[in-house]
Amino acid sequence: MDNKKITELLQEMTVAEKIGQLSQTTGEHYVGKVDSEMVETGPAFPSHMLERDTLYTMGSIIGVSSAKITNLIQDEYLQRSRLKIPLLFMHDAIHGYRTIFPIPLGLSCTWDEGIVQQAAADTASELRAAGIHVNFSPMVDLVRDSRWGRVMESFGEDHLLAGDLGRAMIRGYQKGEDGEIAESGVAACLKHFAAYGAGVGGKDYNAADMSWREFYAYYGKPYEIALQEKPKFVMSSFNTFNGVPVSASEQMMKEVLRGAYQFDEIVISDWGAVTELQNHRVAGSGKEAAELALKAGIDIEMVSTLYLEHFEQILEENPGLLQDIDTAVLKILQLKNEMGLFENPYVDEAREDEVILNPCFLEHTKDAAKRSCVLLKNEQMLPIRKEYKKIIIVGPFAGSNQLLGNWPCKGSFDDVVTLAEGMKQVDDSFNLQVYESLKDCPQDELEQCDYMVVAVGEDWKLSGEGHSSVNIELEASQQQLIREVKQTNKPYACVFFSGRPLALQNIIDDIPALLWCWYPGTQAGSAIAELISGRDTPSGKLTMSFPRHSAQAPIYYNEYSTGRPANESSYSSRYQDCEIGPLFPFGHGLNYIGAQYSDFTISHNHVTADQELTISFQVSNPSGYNYSEIAILYIEDLVSKAVRPVREMKKYQVVDIPKHQNVTVQMTLAMGDFLYLDTNLQQTVEPGTFNIYINDLDSPVFTIEYS
């Protein structure tokens, strides 16, 4: 359909039909709860909202999956719709649809935009084959507090990395150039705008309160970066920002998102966020809530019906809003047209089985899982020595297939490769015994075993939306299990699963080797087995700091300099009953290869506004593994008029190093890398001295002057 016909269609629509396009509901209202692929998640709609003349004006559906069901609903809808405008189907495939990849926090530990983009592309292919057009992902909220349950959906505590990986995910979902959507792509929805990850106390749905300097320099930066990839949607967040609910904030939606960040596509509310404006007590009625959201620029109201219920009175009092409504409806119609839905609103049901769980996708998720695992500690207990064949796997995750993590979409535990199954895959000569607890293990087997793998962590249902926790320590029974294994005097290593960093100070001394696997997805066991058996080496590095104790959160690497830096004195910025710093810092990650950095050179030690400088160094791989090293560059501004972080990550690079080879790495810094946001919200930099660090080196590799 050409643009002229789209405009003519808009002109033909009644106001009620336009408001329908700005409203979203769930599929059971059209065909009933007919299949397990239908997720009944809708609220209790007012009865008059279910009348036929309203229901068949709606613009989109959430919570439906499978080609069969989307076709069924689409057909029912189009038969009764006056203008035959097809529905958009939307879903939350956060880290996969049926083929499940590592949780996003795990994916971020690869630091690899290519891996993240591929995961999104595979997800998009499965979604589109199932009849779904829009995916509510990526989440690029900056997160510094691991008590928040939704850290598992995030890319960690650094704003630049979060933005880059979000941008890669959008590129993978949409698959087209310059924001276009390819035939097998889906529309990406960037979320949650804005500062949703900054909730006070790490509580979900909580207020965020910060300076505009903090927002633009850090919490807003991932959105700004990711929006350069031109997603079709942005989702407004539940939280208040500086006292105003974001879904009612004209300042946040219009001045920041539309103005400063130049987003001109569709804004959708989060689930029920419009009606929740009444809970925030900024609206005294449903009509007031709808009016606030419309004025702020919320184009689509997700799964509540206030727009439908109150639009007549709102437009009677605010006739100028009709132009905004027309603009929003036109964007929705144009998206449906771009995706070819007017010509072909249905999906080929026969093709769905060919796409879902494609062997290539399974290979991609295994590779992503391997690269996302982080070796946090190793006292030469990993990899498992080749002569060790009698192995006991013990712990609540020893034989578990529940390794997908929260938001698994349509992933099935039946598809998951368990750790024990993975170990058999890599070496069928292993004599494996699997027990949930040590008391289940016969004494003679324990005495005869060569090695033990302790599989512990946090149950997947304890992280995710609505699952913030005050206590993020490993539960006591699992700590006791680790100590019992230690007392056997058998060699052992611990494999941890979780959706967040846990606080391990109380148990870390009893763990000789620690592989952090997050929730690795469908091929979990295969990936982990290849790592702990030495078929491959871990290479991931943390994107979120691990606190020592729960009360140490939030903790993050780029904290501001303070007048009394932490030291052994009580009168410094520290807790008196806790060691200084995180247990495992941002950027930490070990491997089996003993990579060496050497031959650091710099193009010059002085940089000006129009002059770049290049830093180069060699990374050697003396091992028999082909390996991907993550090199991270930080700067430190020694003196600035406004306080800056103690360190700031500015560049990172994933470097593939063949076995027994050296690779030269180059990183370029320009003036923009030294700028910071001053107290007047202006980008600036003063002449002075900067230190440059590579990875976790305590001493700078170079000191340069800027003028």
Side-chain angles (χ1 to χ4, degrees), residues 91 93-130 132 135 137-138 152-153 155 164-176 182-186 188 229 351-374 401 403-405 407-419 421-422 425-426 517-531 535-540 543 625-628 630 654 656:
H91 220 307
I94 305 303
H95 52 113
Y97 174 71
R98 181 65 186 273
T99 303
I100 306 302
F101 286 80
I103 59 173
L105 187 57
L107 282 174
S108 72
C109 292
T110 70
W111 296 64
D112 194 315
E113 295 174 33
I115 284 178
V116 171
Q117 181 175 338
Q118 186 66 63
D122 293 350
T123 300
S125 295
E126 291 194 338
L127 283 168
R128 199 66 187 269
I132 298 163
N135 191 23
S137 177
M152 55 81 57
E153 294 181 60
F155 294 127
D164 288 346
L165 296 184
R167 188 173 183 179
M169 195 164 262
I170 293 166
R171 194 159 55 243
Y173 287 140
Q174 299 193 161
K175 300 189 181 183
E183 185 177 356
S184 63
V186 295
E229 205 58 44
R351 188 171 179 273
E352 184 176 18
D353 288 340
E354 299 174 10
V355 176
I356 299 298
L357 292 174
N358 184 288
C360 289
F361 301 169
L362 294 173
E363 192 61 33
H364 293 157
T365 190
K366 185 174 83 167
D367 182 56
K370 284 196 293 184
R371 295 279 299 279
S372 68
C373 292
V374 185
N401 62 359
L403 305 178
L404 299 179
W407 287 114
C409 202
K410 302 306 297 183
S412 170
F413 292 136
D414 291 339
D415 298 330
V416 174
V417 180
T418 68
L419 180 55
E421 290 168 345
Q425 286 177 2
V426 298
C517 302
W518 308 107
Y519 274 99
T522 307
Q523 290 288 301
S526 299
I528 297 167
E530 289 188 16
L531 295 178
R535 272 61 173 179
D536 206 343
T537 175
S539 61
T543 57
Y625 297 101
N626 294 318
Y627 172 70
S628 295
I630 302 163
V654 180
D656 293 328

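Since the model is a prediction, treat every value here as computed from it, not as a measurement. Count residues from 1 along the sequence.
In terms of the side-chain contact (heavy atoms from CB on, under 4.5 Å) criterion, residue partners of A368 (sequence neighbours excluded) are, by chain and number, F101, P102, L107, I115. A search for salt bridge (charged side-chain N to carboxylate O under 4.0 Å, His left out) contacts involving E421 returns nothing, not counting sequence neighbours. For S539, the side-chain contact (heavy atoms from CB on, under 4.5 Å) criterion is met by R371, Y627, not counting sequence neighbours. A search for ring pair (Phe, Tyr, Trp, His ring centres under 6.0 Å) contacts involving W407 returns nothing, not counting sequence neighbours. Qualifying side-chain contact (heavy atoms from CB on, under 4.5 Å) partners for C517, counting only residues two or more places apart in sequence or in other chains: C373, V495, F497, L515, P520, I528. For T365, the side-chain hydrogen bond (donor to acceptor under 3.5 Å, both in side chains) criterion is met by no residue, not counting sequence neighbours. Checked against salt bridge (charged side-chain N to carboxylate O under 4.0 Å, His left out), R128 has no partners two or more places apart in sequence or in another chain. Residues satisfying the side-chain hydrogen bond (donor to acceptor under 3.5 Å, both in side chains) criterion with S372, sequence neighbours excluded, are absent altogether. Partners of D122 by salt bridge (charged side-chain N to carboxylate O under 4.0 Å, His left out), not counting sequence neighbours: none found. Legend: residues meeting salt bridge (charged side-chain N to carboxylate O under 4.0 Å, His left out) with D415, ordered by chain and number and at least two apart, are R98.
The salt bridge (Lys or Arg N to Asp or Glu O under 4.0 Å) contacts involving residues 521-531 comprise K366-E530, K370-E530, where partners must be two or more places apart or lie in separate chains. The salt bridge (Lys or Arg N to Asp or Glu O under 4.0 Å) contacts involving residues 165-174 comprise E113-R171, R167-E229, R171-E229, where partners must be two or more places apart or lie in separate chains.
The shortest heavy-atom contact between P138 and G166 is CG-O, 3.6 Å. Nearest heavy atoms, G521 versus V416: O-CG1, 4.2 Å. Of all heavy-atom pairs between V355 and S125, the closest is CG1-O, 3.5 Å. Of all heavy-atom pairs spanning G422 and V417, the tightest one is N-CG1, 3.7 Å. For L419 against A529, the heavy-atom pair with the smallest separation is CD1-N, 4.4 Å.
Of the possible polar contacts, one joining the N358 side chain to the C360 backbone as a donor-acceptor pair under 3.5 Å is found. The backbone N or O of A188 sits less than 3.5 Å from a side-chain atom of Q174, completing a donor-acceptor pair. In this structure, K175 contributes its side chain and A121 its backbone to a donor-acceptor pair below 3.5 Å. Using modelled atom types, one side-chain atom of N135 and one backbone atom of A93 make a donor-acceptor pair closer than 3.5 Å. When atom types are taken as modelled, the side chain of Q118 and the backbone of H364 share no donor-acceptor pair closer than 3.5 angstrom. Although no hydrogens or angles enter the test, the distance criterion places no donor-acceptor pair under 3.5 Å between the side chain of T110 and the main chain of G106.
V374 places a side-chain heavy atom less than 4.5 Å from the side chain of W518. Considering only heavy atoms from C-beta on, I132 comes within 4.5 Å of Y97 through its side chain. F155 is not listed as a side-chain neighbour of T543, based on a closest heavy-atom distance of 4.5 Å or more.
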Task: Worked check of side-chain contact (heavy atoms from CB on, under 4.5 Å) between H95 and Y519 - done: CA-CA 10 Å; H95 52 113; Y519 274 99; 5.9 Å; no
- [ ] Go through N626 and D656 one step at a time and tell me if the side-chain contact (heavy atoms from CB on, under 4.5 Å) criterion holds.
- [x] CA-CA 7 Å; N626 294 318; D656 293 328; over 6 Å; no
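To the nearest 0.5 angstrom, S184 atom OG is 11.0 Å from L127 atom CG. Annotation: the span from D367 atom CG to S526 atom OG amounts to 12.5 Å, rounded to 0.5 Å. Rounding to the nearest 0.5 angstrom, the gap separating the CG atom in D112 from the CD1 atom in I630 is 8.0 Å. One finds the CG atom of L404 at 8.0 Å from the OG atom of S412 (value rounded to the nearest 0.5 Å). Between the OG1 atom in T522 and the CG atom in D414 there is a gap of 11.5 Å [rounded to 0.5 Å]. Atom OG1 of T99 sits about 4.0 Å away from atom CG of L357, to the nearest 0.5 Å.
Within a 6.0 Å sphere centred on CZ of R535, heavy atoms belonging to other residues, nucleotides or ligands number more than 12.
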